[in-house]
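Below is one structure, written out as structure tokens, with a few remarks after it.
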Amino acid sequence: MDYKLIALDMDDTLLNSEKIISQRNKAAIVKALQQGIKVVLCSGRTHNAVVKYADDLGIKGADQYMITNGGAIIENLAGEIVFQRTMTNEFYREFVQFIKDNDLHYNVVDNRGYTYTSSRDLIDKYTVMQAYENDNGLYLKEPDDLPSDFEIVKAIINGSEAKLDAISEMVHQRFDRDYFVVRTGVGFLEIFPKDVNKGEAVKNLAKKLDIKLDQVMAMGDRDNDIPMLKIVGKGVAMGNAMPGVKEVSDYVTSDCNHSGVGEAIEKFALK
């Protein structure tokens, strides 16, 4: 199969445990781009936390794309947003009340990549990490402090793995009917609009580019990658992927610390 698009999760997939792209991964991506293959970074991260990696890989211009915020935004590398889904101010207020009622920690992100949380005695370390990664500041605001039309692209409940394990069922029961709830990494349980996930974003982008899904290869390691791994022609799980991710994938490559992305691109995409 001649693959025309490769969708890549970032953390613990393209990036190793030190958040670095290995030379083997980079070389394989550069060769794929030279062959005319679209390489699309597909991440739960925001624009600022993705674009620097795209630039380093030479993914540039109006004819190259990246998927951010877990699929809520598709944009080209000229900065034009081609798809966007947000959640209402009504949901935002409902979510914050749920957080307060259950004594949890959270942050939300708007479509500019700004991070917000409520003013509390303790700000969770994962919220600080999120804001640092987004590189747009951390705003301590109550819902009433923000405009009535304030909308968000995602809501994140933060906590240790043990804490998130303990509350996960409760969160799913509360929000699953109308939203997409998924663990995206250590410390992050995220909520998106119901029809927003990486799979839908890859499908929408492929349609825009007139690329068939069986001409798409995708790679990932966690539950939020499953929707895209299931719908593409070649779903590749990392060696460090969660068991459920490996189960739905067509191939398991090496782990993120041993250039699994580069290995898979060399094996399946390069001529």
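Being a predicted model, the structure only gives us computed values, none of them experimental.
- For the atom pair SG of C256 and CG of L15, the computed distance is 8.5 Å after rounding to the nearest 0.5 Å.
- Closest of all the heavy-atom pairs between G70 and V196 is O-CG1, 4.0 Å.
- Under the 4.0 Å criterion applied to side-chain N and carboxylate O atoms, D110 and R112 are assigned as salt-bridge partners.
- In this structure, D214 does not pair ionically with K234, as no charged nitrogen and carboxylate oxygen lie closer than 4.0 Å.
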For residues 216-224, run the donor-acceptor check on the side chains, cut-off 3.5 Å, and write out each pair with its distance to 0.1 Å, sequence neighbours left out.
| residue | atom | partner | partner atom | Å |
| --- | --- | --- | --- | --- |
| D221 | OD1 | T13 | OG1 | 3.2 |

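- Annotation: ring-ring contact (aromatic ring centres under 6.0 Å, His included) contacts involving residues 43-90, sequence neighbours excluded, are absent.
- Residues M10 and S43 share a closest heavy-atom pair of SD-CB, 3.8 Å.
- Residues I211 and V236 do not share a hydrophobic cluster, defined by chaining ILVMFWY side chains whose heavy atoms lie under 4.5 Å apart.
- Rounded to the nearest 0.5 Å, atoms CD1 (I29) and CG (L57) are 4.5 Å apart.
- From R85, atom CZ reaches atom CD of E151 across 10.0 Å, with rounding to the nearest 0.5 Å.
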Side-chain donor-acceptor distances from residues 262-271 under 3.5 Å, at least two apart:
| residue | atom | partner | partner atom | Å |
| --- | --- | --- | --- | --- |
| E263 | OE1 | S254 | OG | 2.4 |
| E263 | OE2 | Y251 | OH | 3.2 |
| E263 | OE2 | T253 | OG1 | 3.2 |
| E266 | OE1 | R24 | NE | 3.2 |
| E266 | OE1 | R24 | NH2 | 2.7 |
| E266 | OE2 | R24 | NE | 3.2 |

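- Within a 6.0 Å sphere centred on NZ of K38, heavy atoms belonging to other residues, nucleotides or ligands number more than 12.
- Side chain of N76 to backbone of G79: a donor-acceptor contact under 3.5 angstrom is found.
- One hydrophobic cluster, built from ILVMFWY side chains closer than 4.5 Å, holds both L33 and I21.
- Contact of the R45 side chain with the D11 side chain is registered, since non-hydrogen atoms from C-beta on lie closer than 4.5 Å.
- Residues V232 and M228 approach most closely at CG1-O, 3.2 Å, considering heavy atoms.
- Looking at Q215, its side chain does come within 3.5 Å of a backbone N or O of K212 through a donor-acceptor pair.
- Residues V186 and I156 share a hydrophobic cluster, clusters being chains of Ile/Leu/Val/Met/Phe/Trp/Tyr side chains in contact below 4.5 Å.
- Residue pairs that meet the ring-ring contact (aromatic ring centres under 6.0 Å, His included) test with at least one member in residues 188-211, sequence neighbours left out, are Y126-F188.
- Within the 4.5 Å cutoff, the side chain of V108 has no heavy atoms near those of the M87 side chain.
- The structure places CD of E133 at 6.0 Å from CD of Q130, a figure rounded to the nearest 0.5 Å.
- The shortest side-chain heavy-atom distance between N136 and N48 falls under the 4.5 Å cut-off.
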Return a table of donor-acceptor pairs under 3.5 angstrom between the side chains of residues 90-99 and protein atoms on other chains or two or more places apart.
| residue | atom | partner | partner atom | Å |
| --- | --- | --- | --- | --- |
| R93 | NE | N89 | OD1 | 2.7 |
| R93 | NH1 | D144 | OD1 | 2.6 |
| R93 | NH2 | P143 | O | 3.3 |
| R93 | NH2 | D144 | OD1 | 3.4 |
| E94 | OE2 | R174 | NH1 | 3.2 |
| E94 | OE2 | R174 | NH2 | 2.6 |
| Q97 | NE2 | D101 | OD1 | 2.9 |

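- By the criterion of side-chain heavy atoms lying less than 4.5 angstrom apart, applied directly or through intervening Ile, Leu, Val, Met, Phe, Trp or Tyr residues, V202 is not grouped with L8; the two fall into different hydrophobic clusters.
- With hydrogens and angles ignored, the 3.5 Å screen pairs no side-chain donor or acceptor of K230 with any backbone N or O of D225.
- If you check the side chains of S259 and S22, you find a donor sitting under 3.5 Å from an acceptor.
- Using a distance-only test at 3.5 Å, with no hydrogens or angles considered, no donor-acceptor pair links the side chain of D124 to the main chain of H105.
- No donor-acceptor distance shorter than 3.5 angstrom exists from the side chain of N69 to the backbone of G44, with no hydrogens or angles considered.
- A distance-only check finds no donor-acceptor pair linking the side chain of N197 to the backbone of F180 [under 3.5 Å].
- The aromatic rings of Y179 and F175 stand perpendicular to each other, their planes meeting at an angle above 60°, with 30° marking the opposite boundary.
- Between M238 and V261, the shortest heavy-atom distance links the atoms CE-N, 4.0 Å.
- Using a 4.5 Å cut-off on side-chain heavy atoms (C-beta onward), I6 and I37 make contact.
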Legend entry - side-chain contact (heavy atoms from CB on, under 4.5 Å) between Y114 and L138, intermediate numbers included: CA-CA 7 Å; Y114 292 5; L138 175 60; over 6 Å; no
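- K203 places no side-chain N or O within 3.5 Å of a backbone atom of I231 that could act as its donor or acceptor partner.
- Looking at D145, its side chain does come within 3.5 Å of a backbone N or O of E142 through a donor-acceptor pair.
- Hydrophobic clustering places L77 together with L41 (ILVMFWY residues linked when any side-chain heavy atoms are closer than 4.5 Å, directly or through intermediates).
- Scanning both residues, S249 and A237, for their nearest heavy atoms gives OG-CB, 3.4 Å.
- The heavy-atom pair separating S118 from Y106 by the smallest distance is OG-OH, 2.7 Å.
- Judged by distance alone, the side chain of K198 and the main-chain N or O of C42 form a donor-acceptor pair under 3.5 Å.
- Inter-residue side-chain proximity for L189 and V181 is flagged as met; some heavy-atom pair is nearer than 4.5 Å.
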Legend entry - Candidate pair E190 and R183, rule salt bridge (charged side-chain N to carboxylate O under 4.0 Å, His left out), full reasoning: CA-CA 6 Å; E190 304 196 3; R183 296 278 279 274; over 6 Å; no
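- Under the 4.5 Å side-chain criterion, counting only non-hydrogen atoms from C-beta, I73 is in contact with Q84.
- With a 6.0 Å radius and a threshold of 12 heavy atoms from other residues, nucleotides or ligands, E169 has its CD atom at or below the threshold.
- Judged as a side-chain contact (heavy atoms from CB on, under 4.5 Å), and not counting sequence neighbours, the contacts of E18 are N16, I20.
- The OG1 atom of T117 sits 6.5 Å away from atom CD1 of I123, with the distance rounded to the nearest 0.5 Å.
- Other residues, nucleotides and ligands place no more than 12 heavy atoms under 6.0 Å from the NZ atom of K208.
- We find that K52 and D135 are not joined by a salt bridge, their nearest charged nitrogen and carboxylate oxygen being 4.0 Å or further apart.
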Inset, instruction - Would you please test T115 and N107 for side-chain hydrogen bond (donor to acceptor under 3.5 Å, both in side chains) and show each step? - result: CA-CA 6 Å; T115 306; N107 65 84; 5.1 Å; no
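- In this structure, T68 and T46 have side chains that are not in contact, with every pair of non-hydrogen atoms separated by 4.5 Å or more.
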